[in-house]
Amino acid sequence: MKIATWNINGVKARHDVLLAWLEEAAPDIACLQEIKSVDDAFPGTAFEELGYRVETHGQKGFNGVAILSKVPLDDVSRGLPGDETDTQARYIEATLAHEGRPLRVGCLYLPNGNPLGTEKFDYKLDWMARLERHARACLEREEAFLLLGDYNVIPEPRDARNPQNWTDDALFQPESRSAFRALTNLGLADAVRLANQDEAVFTFWDYQAGAWQKNNGIRIDHVLMSPEATDRLDGVGIDAHVRGWEKPSDHVPVWVTLAA
DNA sequence: ATGCCTTGTCGCACAAGA
């Protein structure tokens, strides 16, 4: 079973590229972020014709997440628990069956947090604290689950081509990195780092200043896995070539495959 | 030091992104 995450930066602008990637990569589950669409306006027909069910949690103009799935989804839940006043659409999760056992998939778009010294950075850290509490609750069930998406965190210096350029950025603050580390310290595995310890493993390249051509990237899209899911981990990949397609997102897909 | 692009918006410039 192949499960992927991709920040597509607008589902309407990315419709054809998303369709081409789904046909090429053929994931069973695709977790999407920044759909920038309300639920009713999500252009799902072409994806449904490929065999995907579509579950969205959208809002107008910004943010928005979705799960496309070739297998049935149960208990679809929208919004990250822990703050009923949070109106930003950044989290959706659902349960599916993998080899006869439940697998919970959480699709997340973590707040960017810039600029520093504003309520936006506080919101990022509050959101990460809620995510840790949610991860703890999920772990207590001792079942397989994935928390995957755009974390907007550069975990370590080797996860940026030019880490010195990010020292004043919310993505690379000690508080952001510590909050991400709190998740891995719970026992959640960073799938890409289980498979690949190299430098220059990136998932995002800015649209500006020829970042893609210079390979001036960062690794901010992550797949975190519970121990029960890691037991079944079979493969990990980053579809970086998609960044070179016409009209690309600035992020690329990251995926894992689970064995029986 | 700043902008460099891209997307969506009750557009005709701007906010937000990272």
Side-chain angles (χ1 to χ4, degrees), chain A residues 5-21 32-44 56-66 86-91 107-125 127-128 131 148-177 179-180 192 200-222 238 240 242-254:
Chain A
T5 176
W6 191 12
N7 179 322
I8 56 174
N9 187 19
V11 68
K12 298 180 192 71
R14 214 65 60 216
H15 179 274
D16 293 353
V17 166
L18 174 57
L19 192 60
W21 173 75
L32 308 176
Q33 301 89 39
E34 276 207 273
I35 63 174
K36 296 185 176 181
S37 170
V38 295
D39 295 333
D40 288 344
F42 190 94
T56 61
H57 180 39
Q59 71 178 89
K60 191 184 187 73
F62 303 104
N63 306 322
V65 288
D86 185 1
T87 59
Q88 299 192 31
R90 295 179 174 275
Y91 191 82
C107 168
L108 65 102
Y109 175 45
L110 209 146
N112 171 297
N114 283 304
L116 299 179
T118 69
E119 71 285 350
K120 291 190 174 187
F121 190 58
D122 294 334
Y123 175 64
K124 181 191 187 96
L125 296 181
W127 209 93
M128 295 189 81
L131 183 61
L148 68 169
D150 177 359
Y151 277 75
N152 268 319
V153 175
I154 301 166
E156 299 178 67
R158 62 174 168 163
D159 295 312
R161 174 72 169 76
N162 298 118
Q164 69 278 8
N165 290 354
W166 298 93
T167 51
D168 295 326
D169 195 288
L171 278 60
F172 196 52
Q173 288 311 291
E175 296 93 334
S176 310
R177 295 170 58 194
F180 182 82
V192 166
V201 178
F202 305 135
T203 67
F204 170 92
W205 295 261
D206 200 285
Y207 286 122
Q208 303 180 74
W212 168 244
Q213 288 76 10
K214 299 174 188 169
N215 196 25
N216 180 17
I218 51 178
R219 189 174 76 93
I220 56 175
D221 301 272
H222 307 299
I238 300 175
V242 172
R243 186 64 178 80
W245 288 359
E246 289 291 321
K247 211 167 160 45
S249 170
D250 38 8
H251 298 250
V252 298
V254 181

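We name chains A, B, ... by the order of the sequence lines, and we start the count at 1 in each one.
A 4.5 Å side-chain heavy-atom check between A:W205 and A:N215 finds at least one atom pair inside the cut-off.
Atom pair A:E119:CD and B:dA15:P shows a separation of 15 Å (rounding to whole Å applied). In this entry the distance linking CZ of A:R14 with P of B:dC5 reads 16 Å, nearest Å. Protein atom CG of A:L110 is 14 Å distant from nucleotide atom C1' of B:dG17, rounded to whole Å. One atom, CD of A:Q59, and another, P of B:dG17, lie 10 Å apart when rounded to the nearest Å. Taking atom NE2 on A:H251 and atom P on B:dT6, their separation rounds to 14 Å, with Å as the unit. In this structure, the CG atom of A:D206 is 16 Å from the P atom of B:dT2, given to the nearest Å. Atom pair A:D168:CG and B:dA18:P shows a separation of 18 Å (rounding to whole Å applied). Atom CG of A:N165 and atom C1' of B:dA1 are 13 Å apart (whole Å).
Taking the side chain of A:N112 as heavy atoms from C-beta on, and the options B:dC10, B:dA18, B:dT7, the nearest nucleotide is B:dA18. When distances run from any side-chain atom of A:K36 to the nucleotides B:dG17, B:dA18, B:dG8, the shortest one goes to B:dG8. Listed candidates were B:dC5, B:dG8, B:dA18. Nearest to the side chain of A:Y207 is B:dC5.
A:E246 CD: 12 or fewer foreign heavy atoms inside a 6.0 Å radius.
The CD1 atom of A:I220 lies 7.0 Å from the CH2 atom of A:W166; values are rounded to the nearest 0.5 Å. Taking CH2 from A:W6 and NE2 from A:H251, the interatomic distance works out to 11.0 Å, rounded to the nearest 0.5 Å. Atoms CG and CG, on A:L116 and A:D122 in that order, are 10.5 Å from each other to the nearest 0.5 Å.
Taking the six-membered ring where tryptophan is involved, the planes of A:H222 and A:F180 are tilted, since the angle between them lies from 30° to 60°.
Taking atom C1' on both nucleotides, B:dG8 is separated from B:dC12 by 15 Å, rounded to a whole Å. B:dC10 and B:dC5: their C1' atoms are spaced 25 Å apart (whole Å). Across B:dC4 and B:dC14, the matching P atoms stand 13 Å from one another, rounded to whole Å. When the C1' atom is compared between B:dG11 and B:dT6, the two are found 15 Å apart, to the nearest whole Å. A gap of 14 Å separates the C1' atoms of B:dT7 and B:dA18, to the nearest Å. When the P atom is compared between B:dA15 and B:dG3, the two are found 13 Å apart, to the nearest whole Å.
Nearest-nucleotide mapping onto DNA chain B: of A:K60 and A:N7, the residue sitting toward the 5' end is A:K60. In this structure, A:I35 and A:A209 both approach DNA chain B, and ranking their closest nucleotides by distance from the 5' end singles out A:A209.
Contact annotation for A:N63: no contact, since no heavy-atom pair falls under 4.0 Å across all strands. A:K124 comes within 4.0 angstrom of nothing in the nucleic acid, heavy atoms only. Nucleic acid contact for A:Y151: none, since no nucleic acid atom lies under 4.0 Å from a heavy atom of the residue. At the heavy-atom level, A:D250 lies nowhere under 4.0 Å from the strands shown.
For B:dT6, neither phosphate oxygen OP1 nor OP2 lies less than 4.0 angstrom from any side-chain nitrogen or oxygen of A:N9.
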